[in-house]
Protein chains: 2
Amino acid sequence: MADKTLQIIPLGGLGEFGMNSMAIRYGDDIIVADAGMMFPDAELLGVDIVTPDFSYLKDNAAKVRGLLLTHGHEDHIGGVPFLLADLNIPIYGTAFTLALVERRLEEHSLLEAAKLNEVKPRDRVKLGPFEVEFIHVTHSTASSVALAITTPLGVIIHTGDFKVDQTPLDGELFDLQTFAEYGKRGVLLLMSDSTNVDRPGYTESEKAVVPRLEEIMLRSERRVVLSCFSSSVHRMQVIFDLARKHGRKVGLLGRSMLSVTEIAHSLGLLEVHDNLLLRPQDLQLADPAKVCVLVSGTQGEPMSALSRVAVDNHKHLKLEKGDTVALSARMIPGNERPIMRMINHVARRGCRIVFGHMTPPVHVSGHGSAQELKLILNLVRPKYFMPVHGEYWQLSQHAKLASDLRDHGLESSFVLETGESLELDSRGARKGERIGVGRVCIDSGSIDEVVEDMVIRDRRHLSEDGFVMPILAIDKSTGKPEGGPEIVSRGFLSEDNKEILTEAKRVVTRTLETSSEEERADWGVMQEKIRSDLKRFLTKQTARRPLIMPVILEL
Amino acid sequence: MADKTLQIIPLGGLGEFGMNSMAIRYGDDIIVADAGMMFPDAELLGVDIVTPDFSYLKDNAAKVRGLLLTHGHEDHIGGVPFLLADLNIPIYGTAFTLALVERRLEEHSLLEAAKLNEVKPRDRVKLGPFEVEFIHVTHSTASSVALAITTPLGVIIHTGDFKVDQTPLDGELFDLQTFAEYGKRGVLLLMSDSTNVDRPGYTESEKAVVPRLEEIMLRSERRVVLSCFSSSVHRMQVIFDLARKHGRKVGLLGRSMLSVTEIAHSLGLLEVHDNLLLRPQDLQLADPAKVCVLVSGTQGEPMSALSRVAVDNHKHLKLEKGDTVALSARMIPGNERPIMRMINHVARRGCRIVFGHMTPPVHVSGHGSAQELKLILNLVRPKYFMPVHGEYWQLSQHAKLASDLRDHGLESSFVLETGESLELDSRGARKGERIGVGRVCIDSGSIDEVVEDMVIRDRRHLSEDGFVMPILAIDKSTGKPEGGPEIVSRGFLSEDNKEILTEAKRVVTRTLETSSEEERADWGVMQEKIRSDLKRFLTKQTARRPLIMPVILEL
């Protein structure tokens, strides 16, 4: 029966941070786990978000049976609208995850046509030759699930993002039993979250932040301003409960904070007592000792509510001496500088500032540490193991950790990066063919949403040393230049050194004069000659390498 | 006698990370403590290094008596050549610090004329009305000193960078006694390092890394590749000694690693046993189990030795499966992404990788934590306190920490940022006038070394959305356009959307046609009209904001 090959094809998120997406194929049937996005590195100039290149799925459109979502974080669902725009496949996820996806689809006017299917933990869905069971796991957002995918060749378990929180705030325990059952029956392949593989021991429970947040509420004689990810509904519940206990009303600032609160409340995931909330416009009027403000913008995003509050540019909140501001989130690598800049502004307003590694913690990670990763490996006891969700060094460290537990049936671990694939059949598992994948850079809101690599390369070149543009007008009929060359430049030299551009004009004139009649008849050749002579001259004179772009104006 | 005002003028390093420099003025006499540089944020496009703007010193050239150096880190000495180029003042520092400065001065051909004065701890130097005593402190580099500056108004203590290492590797204890003596006699003003104010307790001794480094040497069956700052001579001594103990020879890779080793060795700060060192060209031939390589490039700098080794592009070292690579340094904020990229490449070569917060530590900080900062405050018991060396939030937290110790004579703390000043006289201390300071951006090696703000602003604009340049040729004699407008653009739209530029040409033509005769006679006006019409059109069509730069070619 199982005569076909099972292929595991990471479309994103392996060997890189963010935009998780994994295709699983058996013969002519494909299912996809997650479709995330990532925020770009600073070097992707002018790009807002990056998604996986979903071409592989589009090229095999007729085979794709559905998209399975593990949870509602942007690195797992942020790419959904960009996938659905071309390929309107059915989507499966828990109510909260789907509600967060709906928000995104609405922004892209894709909601109406979308085929959303709500599932609950322990539900099973049949998609072609696959049967998928959703298993509840604990994580920093609500209603997260792992996937147990029964295929003709055996069971694949994909953990999604998780930690093993033994005391989850919402009382919904990690479903260790179902993991154990699958483990007992035999699992072909485990794919498991590698984020915190370098941390020894256990990640603390979400409960660990309660004492610290309570201390902040108690000690602050004035306003308490807290920032966390809007999807961290457990964290928000703690804050709501503590605020109520200590006689503070809660104001919400930031679009995502407001809309996710509403969603979570409507789904019964967030309990909000009557009269607890304060309207943003009433924040300034309320007694500062009786106010707690929940603000979005933990990562120092320039347009976020907290960034605007920090520079005293928010209409509903003006920080004052004695207020306490706490960042209840980790710094995503690459965001340290903007976050520090925001923190400095908050400190300039005379506020107490709480963040980072101070103890007790004001934030705990949502991802399991080494002991939890070992626990899952030993519960599941897979035949093959493939670490997911991590940069290369994390994946390879996770594979190493698995090999330490090798005695119990684990045959091999495979460290794959996005673009590689794993093949399994009756003979075993091995790395398969490379799949053409990549990333798509998006400048959201602009007409030309996809920013091509070529455009980014030009921007990078421009950002380093600016540009120099020699312009030459020629008579179309005679082919002769009219007047001398002009040179325009920006981002290259300061005004004091502009005489170099005067000399550069002479270089262009000389290039024209020393070229043969034939060369001068072909302005394509002349453009290239001018570019190369100017480049040599400018590099020698200035040690810089601006973008040089000769323009010939035919009159 | 003390009838003049004492001014404390931070030229850099307060409220920002790096480029520390502090001017101290009494009447017509100025001394300067340190002249550092910093590496720029990613947003300073095409800038290599940033130094303080030393204009204040240049404007008061006749009054500047000398430059006092606390230690040899780049954020304290990196700006020396840029200061000395305009103002050849005498420099005072310990032998090792001066040797590191000499290297930099030589690169700028400033060494010959430089007036370098070597000092030892407990030496005193008289400079105008100031008498400066150098006091030994412990830090991550050798021969670090604090400054005790006796002025007509009282004593100023400037700690430089320090931690209170009770068991320094070189046996040179922190001179607590001299701090205590000054404290007993009375100190007017303390300026103290704020770097680690948010860390509770004590920073670990440099000795703490020994067990971890030894474990790495013992456990590795193949090569051990270690990277640390080349100025960390104590760390290097540990590595040399451990390598020798465990039968490994040491290879050095990277220019700074080689030259600083030589300097430290020649000054007796680094003991190198005979036959310990291996020439770089012999590295590949030696038995991998008997080799330790010390490589520069902990921060993922693209051209550093370690970055090149990581991508298998170094002629003397090819990493292989089973090698161990350890980063024995902290990640400087902002460098996380390039460091992670380098670590991923190392992991791809099959190497074990050790870095970061793993315990026992492979790196300890050189800056004192909260308890050490309190110890210094209580030893010195200053009348006034001014936290230095930190971002604004660190300075303000340090001031808060000092106010908790207020009972013992501390009258006030002052949180100053670069550009502000502190004034002290017989009546007390207060914030004084603002001093025109700033930063100078340098593109090293280029003719136009100083990169002006305007140029950086242009580059930033270009990097976001590229540029669009409408070009128009006009007849000089008639003032009439010849032919239609041309439009050139880069970094803006992909090829697919270039028809927008065709429409843009029509916009320019329309602007010309709808302008009055008078407007058309003034091409300055026309340039502005074309720019603003095009901007409106492009923003509406594309939601992007390229740099628009109309060019009028007079023929």
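Numbers restart at 1 for each chain; the letters A, B, ... are given by sequence-line order, proteins then strands.
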- request: Please indicate whether B:Arg545 has more than 12 foreign heavy atoms, meaning atoms of other residues, nucleotides or ligands, lying under 6.0 Å from its CZ.
  value: no

message: Within the supplied structure, the quantity of interest is the number of heavy atoms (other residues, nucleotides, ligands) at a distance under 6.0 Å from B:Lys400 NZ; does it exceed 12?
response: no

Using non-hydrogen atoms only, which part of [X] is less than 4.5 Å away from chain B: side chain, backbone, both, or neither?
X        : value
A:Glu417 : side chain
A:Leu547 : side chain
A:Met331 : neither

- prompt: Hey, which of B:Ser463, B:Cys351, B:Gly466, B:Gly350 has the most heavy atom pairs under 4.5 Å with chain A?
  reply: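 If we count pairs closer than 4.5 Å to chain A, B:Ser463 comes out on top.
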
- request: Name the member of B:Arg457, B:His345, B:Glu452, B:His461 that forms the most heavy-atom pairs with chain A at distances under 4.5 Å.
  value: B:Glu452

field: Sequence-distant partners of B:Ala347, side chain to side chain contact (heavy atoms under 4.5 Å, CB included), two or more places apart
entry: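 If we apply the side chain to side chain contact (heavy atoms under 4.5 Å, CB included) test to B:Ala347, skipping adjacent residues, the hits are A:Tyr392, A:Trp393, A:Ser396.
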
Roughly how far, to the nearest 0.5 Å, is the [atom2] atom of [Y] from the [atom1] atom of [X]?
X        : Y        : atom1 : atom2 : result
B:Asp443 : A:Glu464 : CG    : CD    : 8.5 Å
B:Asp198 : A:Phe355 : CG    : CZ    : 6.0 Å
B:Ile552 : A:Glu486 : CD1   : CD    : 11.0 Å
B:Leu553 : A:Glu482 : CG    : CD    : 10.0 Å
A:Asn344 : B:Glu16  : CG    : CD    : 10.0 Å
A:Leu462 : B:Arg460 : CG    : CZ    : 15.0 Å

- prompt: Do you know which of A:Met549, A:Arg490, A:Arg459 makes side chain to side chain contact (heavy atoms under 4.5 Å, CB included) with B:Phe467?
  reply: A:Met549

task: Please determine, among A:Arg348, A:Glu554, A:Glu336, the option with the most heavy-atom pairs under 4.5 Å with chain B.
output: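 If we count pairs closer than 4.5 Å to chain B, A:Arg348 comes out on top.
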
message: If you define the side chain from C-beta out and look only at heavy atoms, does anything of A:Val488 sit under 4.5 Å from B:Ile471?
response: no

- prompt: So, B:Glu391 and A:Arg337, do they make that salt bridge, N to O below 4.0 Å?
  reply: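 A:Arg337 and B:Glu391: salt-bridged.
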
task: Applying side-chain contact (heavy atoms from CB on, under 4.5 Å), run through B:Gln394 and A:Ile343 and close with a yes or a no.
output: CA-CA 10 Å; B:Gln394 293 165 315; A:Ile343 285 172; over 6 Å; no

